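Here is the structure we will look at, set down as structure tokens.
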Amino acid sequence: MRTHRAGALRAEHIGAQVRLGGWIHRRRDLGGLIFLDLRDRDGIVQVSVGPDWTPSDVIESVLEVTTESVILVRGKVVGRPQEARNPEMATGDVEVHADAIQVVGPAHLEALPIPVWRTKGEDPPSEELRLLHRHLDLRRPELQRNLALRHRLLQRTRATLTDLDFYEVETPILTKPTPEGARDYLVPSRVHRGQFYALPQSPQLYKQLLMVAGFDRYFQVARCFRDEDLRADRQPEFTQIDLEASFVSPEDVYGVLETLFVALWEEAGFAVSAPFRRLPFDEAMERYGTDKPDLRFGLELEDVSELVRGFRAFEQILSEGGRVRGIRVPGGAVLTRKDVDALTELARHAGLGGLATLKHQDGKLSGPLSKIDGMSAGAARLEDGDLLVATAGPDSLTSVVLDRVRRAVIARLALVPTQEHGFAWVYDFPLFEWDRESQSWLVAHHPFTAPHPDDVERLLQGDRSAVRALHYDLVYNGHELGSGSIRITDSEVQLLVLDLLGISQQEAERRFGFLLRALRAGAPPHGGFAVGFDRVVMLLAGADNLRDVIAFPKTTAARALFEDAPTELDPAELSELALKVDNA
RNA sequence: GGGGCUGUAGCUCAGUUUGGUUAGAGUGCCGGUCUGUCACACCGGAGGCCGCGGGUUCAAGUCCCGUCAGCCCCGCCA
């Protein structure tokens, strides 16, 4: 049907007889001359319809056809007159003089509630309409580009990991519910009335079994499902590049992923180099207040306890051995009262008393902290125009607040990053976390993460507080791109960790018996990683929302508007599954 | 589960602060003129359940209550 794609035509095609197929993006009817912008996957080319080269019956038919209709065009590629070239179009040096046009897919006005074409600067249609008419939204060149990039990144992933000796293996979608972690999406069994499968939150246990089975290196483009509330960067079903390797240390895993990420960034047109920075968890929390710091900026957190000694609001916390931590913000004096109030509200919301500030402007100090006896710009190390923000409380709270303050200040002052690509490995995470709500120790990541060898002794003594895990996250510009760990391969250690989580041996055998049996059958040391692929595509596409890199995403209420899911079932269907719905 | 923002013409938005004449603009759509446009230009026209339900009022797009939907955030996401 076609000889070329419309968007692929260039000066080198001048003189060629071509047949094209595509959508009418725009039309400009000058009376005696009609221009059609013909759009396909590769872009847009101008089709020119004029009496000197187009039969009159074809001109007649063009007058009838609506935008977004699908047409087949036969014609000749010609160079445009010099003054009529369009340097803003990839195809702008040429146009197609049509001698035949066939409307093969007419578009009806009532089927086009949202426009594909937009004027410059016009806001896109509402998210609701875009999702409801997704087939139209996806026609937009921007989303076509995003999904094309996604395709290339996927293929590059497959090629890179295949080069590194990884096998791509598929694992089940219908699997076993897991009480820990996120809520499962459940699937009722028809054959086994009253029993349920779960959709996988990740292929974690399967990939460990593949290592026990001797596949040595595995990866998968794995769809994962978690029934939790959404965010701009979180969808209920999402794609992980899941991988696992045998006989590896954390450094071996870092090496594989650095090769992969350098390749992916190159695919998107960015040169980055490995190795990435290494940052222990404790250091990340101390210097940035978060385990996923944006390393493109300075603005590190500091202990300013000594500097602010004598400030009444902090006295009690300091006398109880607590700390005052703060951030020096170069140029922060331009922040308005309103800005500072918003930051203070952040702190209050998190459960701290508030924020205290010290401003150095026009040679004078101001702000609550300026009232401390003997305070000076020199002592506070503030240049003229700088601002110090400080707060007191437990580290767990000041970290959270100062991380948010740091990010808010970076955004508000539109600071210039010191580097473009801030990759880092964060490692030495704690194995357990104290959960205030349940007043119990929970596993920080998943219960198959190996403890740090240096901390196993403490673990054996039942001390959960200071045990590090062989767990690592890959962080990029303040985003977590993925995480992984070395796994437990000793069934006794596995039982111990489960025991420390309050899972008895009997219960462990019942729930994870298949894993324990596998570990006892000759398990190689192994570890791996899972990349949040959607988020990677989002960042590389420059999108600010996951929905713009997923063909058919869900709304924040986890609905699919286009196909209208989820949906109610007929009583007969429920009955076959032995289900009763209680909507009360 | 909680908080915030938004909902007015097919689409994108004004109008809501301070209730008051016939609810506007751009774009799209329809009709007309136009042979070098590319946000074509120009002339004319049609198009409204102001998300939905209730209330206050002489009077509601505008105030109050509820509800639905979309988006953003907190909780949640081993």
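These numbers were taken from a predicted model, which means no experiment stands behind them.
Contact annotation for A:Pro124: backbone-only contact, meaning every heavy-atom pair under 4.0 Å involves sugar-phosphate atoms and none involves a base. Among the heavy atoms of the strands lying under 4.0 Å from A:Leu109 are primed sugar atoms or P, OP1, OP2 only; no base atom is included. Counting non-hydrogen atoms under 4.0 angstrom, A:Ser48 reaches nothing in the nucleic acid. A:Trp53 comes within contact range of at least one nucleobase, with a heavy-atom separation under 4.0 Å. Within the nucleic acid shown, A:Ser126 comes within 4.0 Å of sugar-phosphate atoms alone, with no base atom in reach, counting heavy atoms only. Using a 4.0 Å heavy-atom distance criterion, A:Glu127 is classed as a sugar-phosphate-only contact. Using a 4.0 Å heavy-atom distance criterion, A:Leu561 is classed as a sugar-phosphate-only contact. Residue A:Ala182 is in sugar-phosphate contact alone, with no base atom involved, counting any heavy-atom pair closer than 4.0 Å across all strands shown.
Between A:Leu132 atom CG and B:rG10 atom C1' the separation is 13 Å, expressed in whole Å. Between the CG atom of A:Asn545 and the P atom of B:rG70 there is a distance of 14 Å, rounded to whole Å. Remark: C1' of B:rU37 and CG of A:Leu30 are 5 Å apart, rounded to the nearest angstrom. Atoms NE2 (A:His133) and C1' (B:rA69) sit 13 Å apart, rounded to a whole Å. Atom CD1 in A:Ile114 sits roughly 16 Å away from atom P in B:rG70 (whole-Å rounding). Distance A:Gln46 CD to B:rA39 C1': 14 Å, rounded to the nearest Å. Distance A:Glu128 CD to B:rC68 C1': 10 Å, rounded to the nearest Å. To the nearest angstrom, C1' of B:rA39 lies 16 Å from CZ of A:Arg27.
For A:Arg559, whose side chain is taken as the heavy atoms from C-beta onward, the closest listed nucleotide among B:rC29, B:rC11, B:rG70 is B:rG70. Minimum atom distance to the side chain of A:Leu131 is reached by B:rC71, of the listed B:rG36, B:rA69, B:rC71.
Both distances falling under 3.5 Å, in either a Watson-Crick or a G-U wobble arrangement, place B:rG7 opposite B:rC68. Pair assignment for B:rU56: none, as no Watson-Crick or G-U wobble contacts are both less than 3.5 Å. The partner of B:rG24, taking Watson-Crick or G-U wobble pairs whose two distances both stay under 3.5 Å, is B:rC13. Pairing partner, B:rU33: B:rA41, with both Watson-Crick or wobble hydrogen-bond distances short of 3.5 Å.
Taking atom P in both B:rU8 and B:rC13, the straight-line distance is 9 Å, to the nearest Å. Taking atom C1' on both B:rG1 and B:rC76, the two are 10 Å apart, rounded to the nearest angstrom. Separation of the P atoms belonging to B:rU6 and B:rG15 is 11 Å when rounded to the nearest angstrom. Nucleotides B:rG48 and B:rU56 are separated by 25 Å at their C1' atoms, to the nearest Å. With both ends at atom C1', the span from B:rC65 to B:rC72 equals 25 Å, rounded to whole Å. Spacing between B:rC29 and B:rA39 at atom P, rounded to whole Å, works out to 16 Å. To the nearest whole angstrom, the two C1' atoms, one in B:rG20 and one in B:rG4, are 32 Å apart. Nucleotides B:rG7 and B:rC50 place their P atoms 14 Å apart, quoted to the nearest Å.
Using a 4.0 Å cut-off, some side-chain N or O of A:Arg547 falls inside it from OP1 or OP2 of B:rC71. When the side-chain nitrogen and oxygen atoms of A:Thr555 are compared with OP1 and OP2 of B:rG70, one or more of them lie within a distance under 4.0 Å. Dashed line: the shortest gap from a side-chain N or O of A:Asn86 to OP1 or OP2 of B:rG36 is not under 4.0 Å.
Atom NZ of A:Lys76 is surrounded by 12 or fewer heavy atoms from other residues, nucleotides or ligands within 6.0 Å. Residue A:Trp425 qualifies as enclosed at atom CH2: its count of foreign heavy atoms under 6.0 Å is above 12.
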| task | Please lay out, stage by stage, how A:Asp534 and A:Ile550 fare under the test side-chain contact (heavy atoms from CB on, under 4.5 Å). | result | CA-CA 7 Å; A:Asp534 309 275; A:Ile550 295 174; 3.6 Å; yes
| Going through the checks in order, is the side-chain contact (heavy atoms from CB on, under 4.5 Å) test met by A:Phe238 and A:Arg223? | CA-CA 6 Å; A:Phe238 58 99; A:Arg223 197 63 70 82; 5.9 Å; no
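With no hydrogens or angles considered, no side-chain donor-acceptor pair links A:Arg487 and A:Thr489 at under 3.5 Å.
At a non-hydrogen distance threshold of 4.0 Å, A:Arg226, A:Glu228, A:Asp229, A:Arg231 from residues 223-231 of chain A come into contact with RNA chain B.
The base of B:rU37 lies close enough to the side chain of A:Arg80 for a donor and an acceptor atom to sit less than 3.5 Å apart. At a cut-off of 3.5 angstrom, counting only N and O atoms as typed in the model, there is a donor on one side and an acceptor on the other between the side-chain of A:Arg234 and the base of B:rC76. A donor-acceptor contact under 3.5 Å links the side chain of A:Glu95 to the base of B:rG36.
A salt bridge does not link A:Arg226 with A:Glu228: every distance from a Lys NZ or Arg NE/NH1/NH2 to an Asp or Glu carboxylate oxygen is 4.0 Å or more. Using a cut-off of 4.0 Å between Lys/Arg side-chain N and Asp/Glu carboxylate O, A:Lys292 and A:Asp403 are scored as not salt-bridged. A salt bridge links A:Asp37 with A:Arg28: the closest approach of a Lys/Arg side-chain nitrogen to an acidic carboxylate oxygen falls below 4.0 angstrom. A salt bridge between A:Glu68 and A:Arg39 is present, with a side-chain N of the basic residue lying under 4.0 Å from a carboxylate O of the acidic one.
Both A:Asp544 and A:Gln201 lie close to RNA chain B; mapped to their nearest nucleotides by heavy-atom distance, the more 5′-ward contact belongs to A:Asp544. Where A:Pro125 and A:Asp29 meet RNA chain B, the nucleotide closest to each residue was compared, and A:Pro125 sits on the side nearer the 5' end.
In this structure, the ring of A:Phe512 has its center less than 6.0 angstrom from the ring center of A:Phe448. Remark: aromatic rings of A:His135 and A:Phe562 are close, center separation under 6.0 Å.
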